[in-house]
Chemist: 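Take this structure first; my questions come after.
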Protein chains: 2
Amino acid sequence: MATVPVTDEICDTFHTDPARVAVIQASLPTGATLEALSETFKALGDPTRLRMLTALAEAELCVCDLATLVGISESAASHQLRLLRTLRLVRSRRDGRMVHYRLDDDHITGLLAQGLDHVNEAGTRRER
Amino acid sequence: MATVPVTDEICDTFHTDPARVAVIQASLPTGATLEALSETFKALGDPTRLRMLTALAEAELCVCDLATLVGISESAASHQLRLLRTLRLVRSRRDGRMVHYRLDDDHITGLLAQGLDHVNEAGTRRER
DNA sequence: TCAATATATGATAACCTGTTCATATATTCA
DNA sequence: TGAATATATGAACAGGTTATCATATATTGA
């Protein structure tokens, strides 16, 4: 990503140099993208859903398998899976009475891996 | 990540083949890692913080710059920055009265980019 | 030291989230 | 078709989260 030169302005009542704000503001994701992006990260930001997703990174699983694995009710699992499905984090495949879930695409495992990288590095780093 | 062969079990009252559960459960992140990971994603899962982070991906910024840019009070910005600092998503540098913030490391931009990849692809894909 | 400026923090209230419980839908098999 | 099983869904409650307001701390320069 590009770097904007930091002008030497002072934080007075007007706070920010308008030109600089404009440059950076133009680089921010638009409303719709921003919403979708935050929804996605929000979905990943829950221990239960993370467990479900990491489990699904290992194998396709039905709802009851997931529920037992993660330690929640099948109802709760179903609710969460609906959310994950809406956000295209998982996709489902019906097989008789059961519905099997799997990760939607490779972005998800990538995100999980990169997130783990961060917490591992952030966790071992100490003080500042 | 490895793939576990899907045994042909049925979802009865016992739900899951214990051996299979064990294999997958062993692959799940531990409690501490899981917590840190979900905290990190949760921090990314808020429009305000996402705007702050994408802005910081472009330039180092002081609190008041960030506040105006994102359209929140400096107090709110400060609260959010504390959270982001705690999670090692940003780091701060004091310069006189002002404190400049920047992204902590490259993982963050990587996560943001990968998240954007996902929403862009998921957004254009239609129906199923 | 005092005033001014920039940031940080604690408490509170409105809002959002995740689980539970009850119930509905879907599929299979007798 | 009816019973059994697997999943989905709506309502509601408990717990958590975010912005606001008031206040505190830190830094600079007079």
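Chain A is the first sequence line, chain B the second, and so forth, proteins listed ahead of strands; every chain is numbered from 1. Here the structure is a predicted model, which is why all the values come from computation and not from measurement.
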Chemist: Tell me which nucleotide among D:dT18, D:dT9, D:dG29 gets nearest to the side chain of B:Arg97.
Modeler: D:dG29

Chemist: Rounded to the Å, how far apart are A:Leu50 CG and C:dG18 C1'?
Modeler: 14 Å

Chemist: Could you pull out all residues at least two apart from B:Arg94 that satisfy side-chain contact (heavy atoms from CB on, under 4.5 Å)?
Modeler: B:Val99

Chemist: In this structure, how many angstroms lie between the C1' atom of C:dT7 and the CG atom of B:Leu61, rounded?
Modeler: 15 Å

Chemist: Nearest of D:dA8, C:dT7, D:dT7 to any side-chain atom of A:Tyr101?
Modeler: D:dA8

Chemist: B:Arg93 CZ to C:dT7 P: how many Å, rounded?
Modeler: 12 Å

Chemist: Counting only side-chain heavy atoms from C-beta out, which of C:dT17, D:dA19, C:dT7 sits nearest to B:Met98?
Modeler: C:dT7

Chemist: Do A:Tyr101 and A:Arg85 have side-chain N/O donor and acceptor atoms under 3.5 Å apart?
Modeler: yes

Chemist: Whole-Å distance between D:dT7 C1' and A:Arg91 CZ?
Modeler: 20 Å

Chemist: Please work out which of the three classes, parallel, tilted or perpendicular, describes the rings of B:His118 and A:His107, given edges at 30° and 60°.
Modeler: perpendicular

Chemist: Given D:dT7, is OP1 or OP2 found less than 4.0 Å from the side-chain N or O atoms of A:Ser78?
Modeler: no

Chemist: Quickly work out the B:Glu39 CD to C:dT17 P distance and round it to whole Å.
Modeler: 16 Å

Chemist: On DNA chain D, check which nucleotide each of B:Gly96 and A:Ala76 is closest to and give me the residue with the more 5' one.
Modeler: A:Ala76

Chemist: N/O contacts under 3.5 Å, protein versus nucleotides 10-13 of chain C?
Modeler:
unit_1 : atom_1 : unit_2  : atom_2 : d
C:dG10 : O6     : B:His79 : NE2    : 2.7

Chemist: What's the closest nucleotide to the side chain of A:Lys42 if the choices are C:dT20, C:dT17, C:dT7?
Modeler: C:dT17

Chemist: Calculate, to the nearest 0.5 Å, the distance between atoms CG and CG belonging to B:Leu81 and B:Leu56 respectively.
Modeler: 7.0 Å

Chemist: Measure from CG on B:Leu44 to P on D:dT18 and round the result to the nearest Å.
Modeler: 12 Å

Chemist: Scan the side chains in residues 43-53 of chain A for donor-acceptor partners under 3.5 Å anywhere in the protein, sequence neighbours excluded, and list what turns up.
Modeler:
unit_1  : atom_1 : unit_2  : atom_2 : d
A:Asp46 : OD2    : A:Thr48 : N      : 3.1
A:Asp46 : OD2    : A:Arg49 : N      : 3.0
A:Arg49 : NE     : A:Ala43 : O      : 2.7
A:Arg49 : NH1    : A:Gln80 : OE1    : 2.9
A:Arg49 : NH2    : A:Lys42 : O      : 3.3
A:Arg51 : NH1    : A:Val70 : O      : 3.4

Chemist: So, is A:Gln80 close to the C:dT17 phosphate, meaning a side-chain N or O under 4.0 Å from OP1 or OP2?
Modeler: no

Chemist: Between A:Glu121 and B:Arg88, is there a side-chain N and carboxylate O pair less than 4.0 Å apart?
Modeler: no

Chemist: How many Å lie between CG on A:Leu81 and C1' on D:dT7, as a whole number?
Modeler: 10 Å

Chemist: Rounded to the Å, how far apart are A:Ile72 CD1 and C:dC21 P?
Modeler: 14 Å

Chemist: Kindly point out which of D:dT20, C:dT27, D:dT27 is positioned nearest to the side chain of A:Arg94?
Modeler: C:dT27

Chemist: At what distance, to the nearest 0.5 angstrom, does CG of B:Leu83 lie from OG of B:Ser78?
Modeler: 11.5 Å

